[in-house]
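All remarks here apply to the structure that follows.
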Amino acid sequence: MRQVDSCLVGPVRDCAAHLLFGALCLCLVPTAAPAQTDGSGSQPAVEAVVPGRFVDNTEKAGVHFLHQAPHTSRKYLIETMGSGVALFDCDNDGRLDLYLVNGAPYSDPTPKGFIPQKTGSKYWNRMYHQKLDGTFEDITEKSGLQGVGYGMGVAVADYDNDGYEDVFVTGYGGNRLYHNNGDCTFTDVTEKAGVAGSGWSTSAAWVDLDNDGLLDLVVARYVTWNWDDLWCGPEHRDGYRGYCHPDVFQPITMLVYHNDGNGHFTEVSHKLGLDKPAKALGIAAADYDRDGRIDLYVANDSMPEFLFHQKADGTFEEVGLESEVAVNAAGQTFAGMGVDFADYDNDGWPDIVVTDLANQRYAIYRNNRDGTFDDVSGPSGIGAMSQLHSGWSVRFMDYDNNGWKDLLIAQGHDLDTIEKTSPQLRYREPMMLVRNTGKRFEDVSQISGDIFHDPWVSRGMAIGDIDNDGRIDAVVSTNGGPAHILLNETATANHWITLHLTGHKSNRDGIGAVVKLTTVHGSQWVTASTASGYLSSSDPRVHFGMGDSSVAGSIEIHWPSGIVQTLTDVKGDRQIQVDEPVVAIAPGPTGDAKSR
């Protein structure tokens with residue numbers, strides 16, 4: 001992906017420090033003075049309310065996008081869903097670029113079997129390239145990423161290990177795979193790759209299921225659905241019409257494509273045991289039992305959630321009920337939509353967050369380290385604060401770099417009629433920012449900037465460091481509305497570190513690698529992934545907040561290949577290029593882990 005002998009560009013290219021240590025390229029980015037400790041040498045208590053600050057930079061960045069979601073008198077379910085967002089570097093210039101998925105027109109009523117097509121440029125998916133000054137230029141036509149059909153989700157990764165990120169787009173009626181030509185132009189290779197699929201696909205995730213160094217593709221599908229003219233509303237049709245509940249429709253299996261290594265994929269969902277019918281909207285991957293094999297969590301709408309555990313023979317078993325992550329603490333199903341699979345309590349074991357609709361409460365499942373989870377939505381504080389909210393894309397991210405993963409949540413109800421039946425609820429809702437104190441979660445939205453007061457019909461969201469300043473930003477899509485670029489300008493003196501992982505025996509993006517960072521205050525763990533919340537794809541770089549520690553005593557990388565690489569005494573406030581060694585060797589005093 002990125003050359004060993006070249007540093008990042010943008011703000012990093014101008015660094016005075018440019019040190020090459022074999023597999024490491026360290027570039028210093030200026031930062032604020034270190035945070036003060038309490039004098040005891042330990043990190044200060046994090047009980048005090050600490051606001052974030054996020055600024056809507058969309059207009060200034062030059063991004064003008066309007067999602068097209070026809071709203072008809074028939075209230076077709078697809079109208080409620082929105083579309084995804086991707087943040088990735090399409091030309092390896094060190095700056096994140098932006099891709100936004102769009103819908104397509106259909107009639108009112110729509111005939112059965114109809115597959116919407118993009119009939120004009122307002123329906124195109126849009127590709128934006130970030131320029132040196134931080135603004136974006138629309139390169140959609142040049143890139144070849146206009147798309148076809150009614151787009152839904154996007155998943156980005158380097159599936160052929162050529163060093164450039166490729167783009168997979170899901171939709172209603174079929175999916176598309178675009179191969180990166182190396183210059184932000186793309187070639188549609190869907191038919192050659194054999195990944196067109198069928199039905200209504202939603203989120204997708206690139207993940208190396210068998211650790212062979214090639215990324216496979218897991219594609220969630222929603223329901224078995226057509227343009228049936230179904231009345232959902234008052235029994236005698238003497239009131240308004242509403243969108244049908246998912247219970248009206250039958251579930252459908254996911255699609256799972258094994259990467260054959262020659263540009264072609266083979267569908268293997270049945271072979272791997274991943275063909276349990278679902279109503280899947282979100283998907284996330286992590287090794288929750290630390291057995292060295294990646295597992296999958298699927299957010300299902302109004303049916304039990306799925307946890308697929310990978311067995312020693314490479315097949316999967318669905319263990320959601322026995323692992324206690326299929327339903328909530330009351331034994332009820334909920335409208336699972338967005339999901340993230342990450343270690344929020346810094347104990348080394350991945351936990352789960354799932355968003356859903358108002359009156360259901362967002363779910364937090366804490367890993368018990370024995371193959372089971374506890375629903376801690378209540379004691380964590382998430383349950384009460386989310387009671388009247390409806391969430392879609394969600395990510396654990398450390399917005400203030402204090403070493404604890406917080407939550408950013410895109411919100412908005414799915415029913416545009418919800419206020420008629422439930423006056424206390426809202427169709428349009430502000431974003432939610434939730435701070436992790438290390439003991440509980442607290443809602444800091446109201447003190448974290450104007451955007452947390454503006455009501456949107458939010459759906460997709462991707463996170464990443466757009467301006468390379470060490471603070472995690474976000475891009476949010478809205479259903480039938482504009483996209484929003486949210487720059488993180490939180491005032492903090494905390495330190496940070498960002499890793500660019502480049503696999504050699506493992507997949508090039510290092511997806512699935514588990515990274516452990518240790519400072520004097522303890523350790524944190526991150527699983528490298530681009531799969532993001534709901535329909536979206538995030539920055540592949542691995543980011544850590546370090547609190548007042550300016551140096552990481554060690555960074556330990558467990559690559560999917562099984563190689564363990566250790567860096568020691570690594571200074572913070574840097575973006576670091578880390579290449580996977582062919583074999584693990586003992587680290588040197590500078591933290592160098594040379595390849596050979």
Side-chain angles (χ1 to χ4, degrees), residues 11 31-32 46 48-63 65 84-87 95-96 98 100 128 130 134-136 338 340 344 353 355 362 382 385-386 389 391-412 428-437 441-478 481-494 496 498 532-534 536 538-539 541 543-545:
T31 189
V46 289
V49 175
V50 177
R53 176 174 167 77
F54 286 78
V55 176
D56 192 332
N57 193 56
T58 316
E59 186 67 28
K60 186 180 294 186
V63 172
F65 174 82
V85 181
L87 280 171
R95 296 182 295 274
L96 289 176
L98 172 62
L100 297 161
Y128 294 92
Q130 187 177 172
T135 63
F136 290 81
D340 200 9
Y344 78 84
V353 60
T355 57
Y362 304 158
I382 287 290
M385 72 178 69
S386 64
H389 297 288
W392 294 77
S393 205
V394 57
R395 282 300 301 262
F396 284 113
M397 48 90 82
D398 187 355
Y399 77 85
D400 56 357
N401 286 335
N402 72 341
W404 294 97
K405 296 178 186 68
D406 313 297
L407 283 169
L408 185 63
I409 307 170
Q411 300 189 132
R428 300 177 181 275
E429 294 189 55
M431 299 281 294
M432 179 181 282
L433 181 64
V434 180
R435 186 169 188 264
N436 183 354
T437 70
F441 289 98
E442 59 184 15
D443 185 351
V444 295
S445 307
Q446 295 301 303
I447 58 172
S448 296
D450 292 342
I451 67 162
F452 296 102
H453 298 264
D454 296 337
W456 303 333
V457 188
S458 300
R459 293 295 187 259
M461 180 182 71
I463 64 169
D465 188 356
I466 295 172
D467 52 3
N468 287 327
D469 69 349
R471 292 173 291 191
I472 297 298
D473 313 299
V475 179
V476 180
S477 68
T478 63
H484 299 274
I485 297 175
L486 310 181
L487 289 187
N488 183 351
E489 297 184 355
T490 299
T492 177
N494 290 328
W496 56 275
T498 299
S532 187
Y534 171 74
S536 299
S538 285
D539 185 353
R541 296 177 292 184
H543 176 87
F544 290 95

Would you say [X] and [Y] make side-chain contact, with heavy atoms under 4.5 Å?
| X | Y | result |
| --- | --- | --- |
| L408 | R395 | no |
| L407 | N436 | no |
| V434 | E442 | no |
| Y399 | L433 | yes |
| M461 | V475 | no |
| D454 | M431 | no |
| W496 | D398 | no |
| S458 | T478 | yes |

Step by step, work out the side chain to side chain contact (heavy atoms under 4.5 Å, CB included) result for N468 and R541.
CA-CA 11 Å; N468 287 327; R541 296 177 292 184; 3.0 Å; yes
State, to 0.1 Å, how close [X] and [Y] come at their nearest heavy-atom pair, and which atoms those are.
| X | Y | value |
| --- | --- | --- |
| A462 | S532 | CA-OG, 4.0 Å |
| R471 | E489 | NH1-C, 3.4 Å |
| I451 | F54 | CD1-CB, 3.5 Å |
| Y128 | G62 | CE2-O, 4.3 Å |
| G412 | W392 | O-NE1, 2.6 Å |
| Y534 | G338 | CB-CA, 4.1 Å |

Start with the C-alpha distance between F441 and Y344, add both sets of side-chain angles, then the distance that settles ring pair (Phe, Tyr, Trp, His ring centres under 6.0 Å), and finish with yes or no.
CA-CA 10 Å; F441 289 98; Y344 78 84; 5.3 Å; yes
Residue among N494, T492, N488 satisfying side chain to side chain donor-acceptor pair (under 3.5 Å) with T490
N488
When you look at F396 and D406, which way does the side chain to side chain contact (heavy atoms under 4.5 Å, CB included) test go after all the steps?
CA-CA 5 Å; F396 284 113; D406 313 297; over 6 Å; no
Here's one to test your reading of the geometry: is the NZ or CZ of R428 within 45 degrees of the ring axis of W456 and under 6.0 Å from its centre?
no
Stepwise, does the side chain to side chain contact (heavy atoms under 4.5 Å, CB included) test hold for V63 with L100?
CA-CA 10 Å; V63 172; L100 297 161; 4.3 Å; yes
Distance (rounded to the nearest 0.5 Å) between [X] [atom1] and [Y] [atom2]:
| X | Y | atom1 | atom2 | result |
| --- | --- | --- | --- | --- |
| T437 | W404 | OG1 | CH2 | 8.0 Å |
| L487 | D469 | CG | CG | 8.0 Å |
| S538 | H543 | OG | NE2 | 13.0 Å |
| Q411 | E429 | CD | CD | 5.0 Å |
| D473 | L96 | CG | CG | 8.5 Å |

Other residues, nucleotides, ligands: >12 heavy atoms within 6.0 Å of D450 CG:
no
K60/T135 under side chain to side chain contact (heavy atoms under 4.5 Å, CB included): CA gap, chis, key distance, verdict
CA-CA 7 Å; K60 186 180 294 186; T135 63; 5.7 Å; no
[X] (side chain) donor-acceptor with [Y] (main chain) under 3.5 angstrom:
| X | Y | answer |
| --- | --- | --- |
| R459 | S477 | no |
| D56 | H484 | no |
| T355 | G391 | yes |

Taking only residues two or more places apart in sequence or in another chain, which ones pass side-chain contact (heavy atoms from CB on, under 4.5 Å) with D443?
M385, M432, S445
Checking side-chain contact (heavy atoms from CB on, under 4.5 Å) between I485 and each of V55, V476, I466, L87, which is the one that passes?
I466
